[in-house]
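Here is the structure we will look at, set down as structure tokens.
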Amino acid sequence: MGLLTFFMIQQQPVLAVGQSVSQVQAKKTLVLGTSPDYAPYEFLVNKNGKNKIVGMDIQVAQKLADDLGVKLVVKSMDFDALLVGLETGKVDMVISAMSPTDERSKSVDFSNVYYLGGQSILVNKADAKIYHSKNSFKGQKVGVQTGSFQQTLAKKQIKDAKITGLAKVPDLVLALKSHKIDGIVAEEPVATAYASNDPDLVQIDGKFDLGADMQGSAIAFPKDSPTLVAVANKSIGQIKKQKLIPQYLKHAGQLMKINTHNTSMWHYWAYFAKGIGYTLFITIVSIAIGILIGGLLAFGRLAKNKLVRALAVMYIEFVRGTPLMIQIMFVYFGIGLWINIPALVAGVIAVSLNSAAYVAEIIRSGINAIDAGQTEASRSLGLSQRDTMRYIVLPQALKNIWPALGNEFISLIKESSIVSIIGVTDLIYQLKVVQSATYKGVAPIFVAMVIYFIMTFSLSKLLNHVERKMQHA
């Protein structure tokens, strides 16, 4: 799917709280939220040149969608954003190897458990003789997925453990192999998948004490969705009766072999190419919008009207005083409570509005740097204030601020990578996909680093060329 096509897709509105079967059937889609970095539960494969989220959980979701007679739509998010997406109506349900703990049950409704799996610990092969269970990790560094049940488990049952939480399992594996952590607490099938595909890793039995609410995986729905839960439980009952889970796991294992058949970075060039396309698209559109809004804000700060000036200052200071990541999440999840904004559009809006605040200050400083005498002289020659700004001030200001604007453009290429947290398939997102697919941690990072350097270096040279042309104009 092309970038512009994706940008223009009109998505069905998602219902946030108290969903019913009739509501889901009325909109003819069932939107699933998942974090596809947890093979064999959910992961990505490349089919016919396109990334596709597959795995046991996806097959469970498809079964439920089929039983409801609707189309399954899968949305990718970081694991710790899944429940937020559910509560804000971005997704209808969450299936992501999620345990139905008592704490989570306070904010969402859970189905019956559809898969009962144990908890393992992944360690380096060289350390296999040192660690035998959770008790071996007393005072050691343990890695967990942020917001996961394993994070709670490690905190409660591994005494004096130093917990490191990361959003993606591939990042945890990289930390383990680089000895930043000593072990990773993960679901048994996940640990098995990584240990089977990486000879440097070994899976051990965690021997955790699991309560009734700590075992297995269930489907999460918005609070007060009894009819959906009832249908899900009926589907899960059929899955168990027909013994479909072993078939789902077998199929997931076959798909995993597609990824590991050829793990060279050249084999995944299409992934990186797609990431480059999205990154450049977001950057170019955000630059254009940022300059337009930034120019208006700059003139707002220079306006004589106190209200206009105050509003411009408030916007600029607020945006500059809050992290871009928070702004992206607010646009996507917060505004999404009222308007269903696609992830790509939300990312572009947030990055554009953020850039506008910085561009505004660059433009304002350039205008203020022009000697006031030139303005006075042009006015004395009969030029209007508008013509003075257009023909005298702005051309000189542009020459002065071009290097600073160039730095903002270059920074935007790198800063736009944050949109991956809401599932936009930019370069960083594709880097994570390749890590998950190949079970390699460093190689995809190196490739992405080189690509970012080529993009920023090329843009820097282009901007320098334009600057020299302006100076000699």
Side-chain angles (χ1 to χ4, degrees), residues 1-7 35-39 42-55 74-78 166-175 177-178 194 197-198 255-287 328 342-344 347-348 351 409-462:
M1 181 183 293
L3 291 175
L4 290 176
T5 304
F6 184 87
F7 187 87
S35 179
D37 62 335
Y38 215 58
E42 46 270 327
F43 56 101
L44 286 123
V45 296
N46 187 274
K47 281 192 170 185
N48 302 319
K50 295 182 179 179
N51 293 339
K52 185 177 181 181
I53 300 176
V54 297
V74 184
K75 281 191 176 184
S76 170
M77 299 179 186
D78 281 356
L166 296 175
K168 300 289 185 182
V169 174
D171 293 336
L172 289 169
V173 173
L174 181 59
K177 297 181 72 171
S178 59
Y194 275 90
N197 287 282
D198 192 325
L255 292 172
M256 287 169 64
K257 290 179 181 178
I258 295 175
N259 288 340
T260 57
H261 179 69
N262 186 342
T263 59
S264 69
M265 293 300 101
W266 282 113
H267 181 68
Y268 287 87
W269 69 268
Y271 286 64
F272 292 109
K274 184 177 182 180
I276 293 170
Y278 274 87
T279 296
L280 292 177
F281 175 78
I282 293 167
T283 302
I284 292 170
V285 174
S286 298
I287 285 173
I328 290 173
L344 178 60
V348 169
V351 174
F409 299 162
I410 292 171
S411 296
L412 207 57
I413 289 180
K414 296 175 287 185
E415 291 174 355
S416 65
S417 63
I418 300 178
V419 298
S420 63
I421 64 172
I422 58 173
V424 178
T425 53
D426 73 323
L427 186 54
I428 292 297
Y429 180 94
Q430 296 295 69
L431 154 68
K432 303 295 185 184
V433 170
V434 176
Q435 283 182 321
S436 298
T438 62
Y439 298 94
K440 290 184 177 181
V442 177
I445 292 176
F446 177 77
V447 172
M449 183 170 61
V450 170
I451 291 173
Y452 270 115
F453 171 75
I454 292 173
M455 288 194 296
T456 55
F457 183 77
S458 300
L459 179 58
S460 177
K461 289 298 181 183
L462 176 62

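Note that CG of Asp37 is 9.0 Å distant from CG of Leu44, once rounded to the nearest 0.5 Å. A distance of 10.0 Å separates CD1 of Ile428 from CD1 of Ile418, quoted to the nearest 0.5 Å. Rounding to the nearest 0.5 angstrom, the gap separating the CG atom in Leu431 from the NZ atom in Lys168 is 11.0 Å. Taken from CG in Leu459 to CD1 in Ile413, the straight-line distance is 5.0 Å, to the nearest 0.5 Å.
Checked against side-chain contact (heavy atoms from CB on, under 4.5 Å), Asp198 has the following partners two or more places apart in sequence or in another chain: Lys177, Asp200, Leu201. Judged as a side-chain contact (heavy atoms from CB on, under 4.5 Å), and not counting sequence neighbours, the contacts of Leu174 are Gln435, Val442, Ile445. Checked against ring pair (Phe, Tyr, Trp, His ring centres under 6.0 Å), Tyr38 has the following partners two or more places apart in sequence or in another chain: Tyr41. Applying the side-chain contact (heavy atoms from CB on, under 4.5 Å) test to Ile284 and every residue at least two apart in sequence or in another chain returns nothing. Legend: residues meeting side-chain hydrogen bond (donor to acceptor under 3.5 Å, both in side chains) with Ser76, ordered by chain and number and at least two apart, are Tyr429. Take Phe446 and apply the ring pair (Phe, Tyr, Trp, His ring centres under 6.0 Å) test, not counting sequence neighbours, and it matches no residue. Remark: Ile451 engages Phe272, Ile276, Leu427, Val447, Met455 in a side-chain contact (heavy atoms from CB on, under 4.5 Å) (not counting sequence neighbours).
Closest approach of Val351 and Leu412 over heavy atoms only: CG1-CD1, 3.5 Å. For the residue pair Tyr271 and Val45, the shortest heavy atom distance occurs at OH-C, 3.5 Å. Summarising the geometry of Met77 relative to Pro36, their closest heavy-atom pair is O-CD, 4.4 Å, with the distance given to 0.1 Å. Scanning all heavy atoms of the two residues, the minimum distance from Leu166 to Ala175 falls at CD1-CB, 4.5 Å. The shortest heavy-atom contact between Pro170 and Lys432 is CG-O, 4.4 Å.
With contacts defined as side-chain heavy-atom distances shorter than 4.5 Å, the pair Glu42/Ser35 does not qualify. Taking 4.5 Å as the limit, some side-chain heavy atom of Ile282 sits within range of a side-chain heavy atom of Leu344. Residues Lys52 and Val74 are not in side-chain contact: their nearest non-hydrogen atoms beyond the backbone lie 4.5 Å or more apart. With a 4.5 Å cut-off on side-chain heavy atoms, Tyr194 and Val169 count as touching.
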In sequence, state the C-alpha distance, the side-chain angles, and the governing distance for Val54 and Phe43, and then conclude on side-chain contact (heavy atoms from CB on, under 4.5 Å).
CA-CA 6 Å; Val54 297; Phe43 56 101; 3.6 Å; yes
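Counting only residues at least two apart or in different chains, side-chain hydrogen bond (donor to acceptor under 3.5 Å, both in side chains) contacts with residues 413-427 are absent.
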